[in-house]
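Structure record follows, encoded as structure tokens.
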Amino acid sequence: MATGEAIAEVGRDFIRDIVQADLDGKRHSTVVTRFPPEPNGYLHIGHAKSICLNFGIAEEFGGRCHLRFDDTNPTKEEQEYVDAIEADVRWLGFDWGQNLFHASDYFERLYQWAEHLIRVGLAYVDDQSQDDMRTARGTLTEPGRNSPFRDRTVEENLDLFRRMNAGEFDNGARVLRAKIDMASGNINLRDPVLYRILKAPHPRTGTTWSIYPSYDFAHGQSDAIEGITHSICTLEFEDHRPLYDWFLANLPVPSKPRQYEFARLNITYTVLSKRVLTTLVRDGHVKGWDDPRMPTLAGLRRRGVPPGAIHDFVKRIGVAKANSVVDANVLDFSIREALNKTALRRMAVLRPLKVVIENYPDGPGEELDAVNHPNNPDAGSREIKFGREIYIEREDFMETPPKKFFRLSPGMEVRLRYAYFITCREAVKNAAGEVVELRCTYDPATRGGNAPDGRKVKATIHWVSARDSRPAEVRIYNPLFSKPYPTGGEGFTADLNPQSLEVLGDARVEPALAAGSNSAEPVQFERQGYFVHDPESTPDRPVFNRTVGLRDTFAKEVTQS
RNA sequence: UGGGGGAUCGUCCAAUGGUAGGACAUCAGACUCUGACUCUGAGUAUCUAGGUUCGAAUCCUAGUCCCCCAGCCA
């Protein structure tokens with residue numbers, strides 16, 4: 001029973017079923033997976049799905065998971081990305097131990113295998129131009145034509161290939177191709193390119209190589225070298241599998257990994273495409289890879305999303321082969337669920353409206369007791385300052401309230417959380433007719449928030465002392481895209497949400513919040529949402545990022561009516 | 001019209017010939033010093049048409065729709 005529960009805990013899916021069957025059937029004694037990012041961008045939550053799958057399976061089945069950088073294209077890859085990727089995987093809580101590898105670690109062996117293919121007549125150097133190659137490849141419905149260079153001798157191929165590597169030819173002048181089948185219905189089998197000339201320094205191998213292996217030639221063999229048992233990738237590689245297997249069958253590889261494919265993650269109001277995310281950063285639509293609006297792990301982290309929320313999310317969405325788009329609500333739910341348990345409660349007023357309590361004595365005010373977490377007494381309590389002048393949330397007052405509005409309006413009584421009942425007597429307006437201040441009275445008998453006569457109020461609102469609260473900046477993040485299904489294609493910037501960032505410059509927070517300006521601890525601003533300090537915070541001017549808002553059934557009701 | 005995949009509540013994932021289930025979302029209610037949390041309840045699904053079977057989401061046949069592939073990207 002305990003095992004059954006444990007399995008239910010991690011969830012089952014078709015890949016875990018395959019792993020289990022391979023273990024049960026003694027096909028493998030241990031499971032070895034790998035996460036193989038190309039260091040040409042930051043990791044996003046779609047990668048997190050893959051990371052959790054690969055590292056998760058290794059953990060659950062007592063195997064191991066390698067981190068392998070797929071660094072076969074020095075024109076696109078950078079060290080900054082390598083560092084960021086390692087940091088992000090660690091942040092998610094995974095440890096690759098000694099198993100950090102690079103496709104470039106295998107360049108020498110891959111090169112020898114390329115010569116091997118030439119020797120057995122399964123690879124040739126092609127001098128066709130890129131255009132000619134494309135034309136000769138045929139189309140989806142018509143077969144391709146053999147290259148005029150397809151039947152060169154082994155000696156000539158070897159000579160040319162070595163000279164390609166020696167740097168004798170220009171970029172693009174020649175390629176090494178596998179000799180498979182130009183008429184295959186699977187275009188990946190129409191003599192795919194194995195090596196191309198790329199005279200670019202590589203971050204790890206420097207100028208050693210003038211040629212670099214293609215993804216197809218590098219990936220499966222790297223898996224085989226590392227003893228990967230289950231090579232898990234996304235659906236678009238499904239029709240590369242015959243090629244993956246072809247290399248394993250025709251090369252003296254030390255092991256025979258198998259490739260399995262699952263559907264990549266999509267989320268509503270979000271684009272998970274490295275190309276789009278890179279453009280967003282490059283063209284300044286966001287402030288960087290770690291902009292809290294970004295679906296990158298760095299962005300989510302800065303927004304205050306705990307790694308546990310991402311694990312929970314990944315568990316909820318499952319793993320399958322059907323293309324799908326997950327409702328962004330699921331992520332928000334996971335974030336709230338993770339934060340609700342631990343985040344300490346504080347009071348902060350995002351859009352302040354001054355309230356003067358006319359019958360409260362002027363002076364230093366008094367201290368009131370406020371609990372730090374309503375569902376966890378162990379979190380203790382704190383003292384908060386109350387006084388004659390306080391701030392409340394602008395939207396907690398309406399001069400002419402609609403039917404179901406329970407908060408403050410002229411003549412209405414509400415509770416100030418942990419303080420007193422107050423009644424609104426008058427709304428003071430400026431010349432423009434805007435409400436700039438409320439005049440209220442309080443009931444001294446309701447100290448702490450309860451009325452001795454047992455009378456009830458329909459609402460409790462948050463507040464801060466005008467004298468003791470501190471100014472703060474609060475950044476509210478909304479979906480980066482305004483459409484639930486942004487295409488991410490050409491012109492995707494038209495779908496960007498112009499309101500993705502709202503900066504609230506006049507917020508007021510409890511003094512305790514300003515004091516902890518270096519704290520990475522999440523807090524809940526009561527009735528608002530979960531927040532964390534942004535790295536740009538200073539003791540003078542704390543800056544808070546809203547991680548996610550609280551569920552707001554009242555707001556929902558309002559927008560619907 | 002070549003090749004490779006996929007279709008189950010609004011959404012995501014289960015059910016591997018035997019009561020179509022869970023989560024998110026939605027709606028209704030309870031509770032409440034957060035219109036939060038929590039709790040209770042409700043509605044909503046097997047792409048279509050045939051067939052096999054005592055019994056089909058599952059097996060067979062024929063369709064339909066969706067996704068991916070024509071980089072010297074991964």
Side-chain angles (χ1 to χ4, degrees), chain A residues 11-14 17 36-38 40 70 72-73 75-77 126 129-130 133-135 137-144 171-177 183-190 192-198 211-212 214-216 218-219 233-242 261 263 268 274-275 315-334 336-337 340-341 345 347 370-371 374-375 404-407 414-419 421 446 448-450 456-462 524-529 549-557:
Chain A
R12 300 302 311 212
D13 53 69
F14 75 98
D17 287 345
E38 183 191 13
N40 68 343
D70 225 330
T72 57
N73 188 345
T75 65
K76 295 194 172 174
E77 296 150 7
D126 195 343
S129 71
Q130 206 164 152
M133 256 184 73
R134 187 181 323 117
T135 311
R137 187 153 30 228
T139 69
L140 295 179
T141 51
E142 301 158 22
N171 286 355
R174 293 178 224 263
V175 291
L176 183 73
R177 301 178 75 177
S184 172
N186 182 342
I187 290 177
N188 294 300
L189 265 21
R190 319 242 263 228
V193 170
L194 271 35
Y195 270 92
R196 72 280 214 207
I197 300 170
L198 241 40
I211 57 173
Y212 292 92
S214 62
Y215 163 84
D216 285 308
H219 202 95
C233 62
T234 44
L235 253 30
E236 66 268 30
F237 293 103
E238 214 153 14
D239 48 17
H240 289 241
R241 186 163 11 103
E261 311 86 12
T268 54
K274 256 195 211 171
R275 198 196 97 256
K315 198 183 301 173
R316 279 171 196 281
I317 59 174
V319 179
K321 294 194 71 160
N323 292 113
S324 61
V325 184
V326 175
D327 192 328
N329 281 310
V330 181
L331 213 211
D332 284 354
F333 181 88
S334 291
R336 288 193 196 102
E337 173 134 294
N340 178 45
K341 280 181 250 164
R345 311 291 132 117
M347 290 204 284
V371 305
N375 307 328
K404 293 253 205 69
F405 186 82
F406 304 142
R407 283 106 99 150
V414 299
R415 171 167 40 232
L416 294 176
R417 187 131 161 102
Y418 302 122
F421 286 11
T446 58
N450 290 301
K456 302 282 186 199
V457 288
K458 296 192 84 171
T460 299
I461 64 173
H462 61 280
Q524 183 196 98
F525 290 175
E526 296 220 28
R527 302 206 308 132
Q528 301 280 3
L550 256 28
R551 258 184 98 229
D552 190 346
T553 40
F554 174 69
K556 204 175 295 167
E557 206 169 289

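We name chains A, B, ... by the order of the sequence lines, and we start the count at 1 in each one.
Considering only the side chain of A:Y215, B:A74 comes nearest among B:A36, B:G35, B:A74. Taking every side-chain heavy atom of A:N329 into account, B:A25 is the closest of B:A25, B:A14, B:G71. Side-chain proximity of A:T460 to the nucleotides B:C37, B:U34, B:C68 is greatest for B:U34. Considering only the side chain of A:N340, B:C37 comes nearest among B:C37, B:C68, B:C73.
With a glycosidic angle no more than 90° from 0, B:G71 adopts the syn conformation.
The nearest whole Å value for the distance from the CG atom in A:N188 to the P atom in B:G2 is 18 Å. Distance OH (A:Y212) to C1' (B:C72): 14 Å, rounded to an integer number of Å. Rounded to whole angstrom, the span from the CD atom of A:E337 across to the C1' atom of B:C39 amounts to 15 Å. Put simply, NZ on A:K556 is 13 Å from C1' on B:A28, counting in whole angstrom units.
One P atom belongs to B:C66, the other to B:U8, and the distance between them is 14 Å to the nearest Å. Nucleotides B:U44 and B:G3 are separated by 38 Å at their C1' atoms, to the nearest Å. Taking atom P in both B:G2 and B:G63, the straight-line distance is 12 Å, to the nearest Å. A gap of 31 Å separates the C1' atoms of B:A45 and B:C37, to the nearest Å. One P atom belongs to B:C13, the other to B:A7, and the distance between them is 9 Å to the nearest Å. When the P atom is used for both B:A28 and B:A36, the distance is 13 Å, rounded to whole Å. Nucleotides B:U46 and B:A57 are separated by 5 Å at their C1' atoms, to the nearest Å. When the P atom is used for both B:A25 and B:U38, the distance is 10 Å, rounded to whole Å.
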Give each protein N/O atom lying under 3.5 Å from an N/O atom of nucleotides 5-10 of chain B, with the pair distance.
unit_1	atom_1	unit_2	atom_2	d
B:G5	O2'	A:E238	OE1	3.2

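Side-chain atoms of A:Q524 come within donor-acceptor range of the base of B:U34, with a qualifying N/O pair under 3.5 Å.
Using a 4.0 Å heavy-atom cutoff across all strands shown, A:R415 reaches at least one base atom of the nucleic acid.
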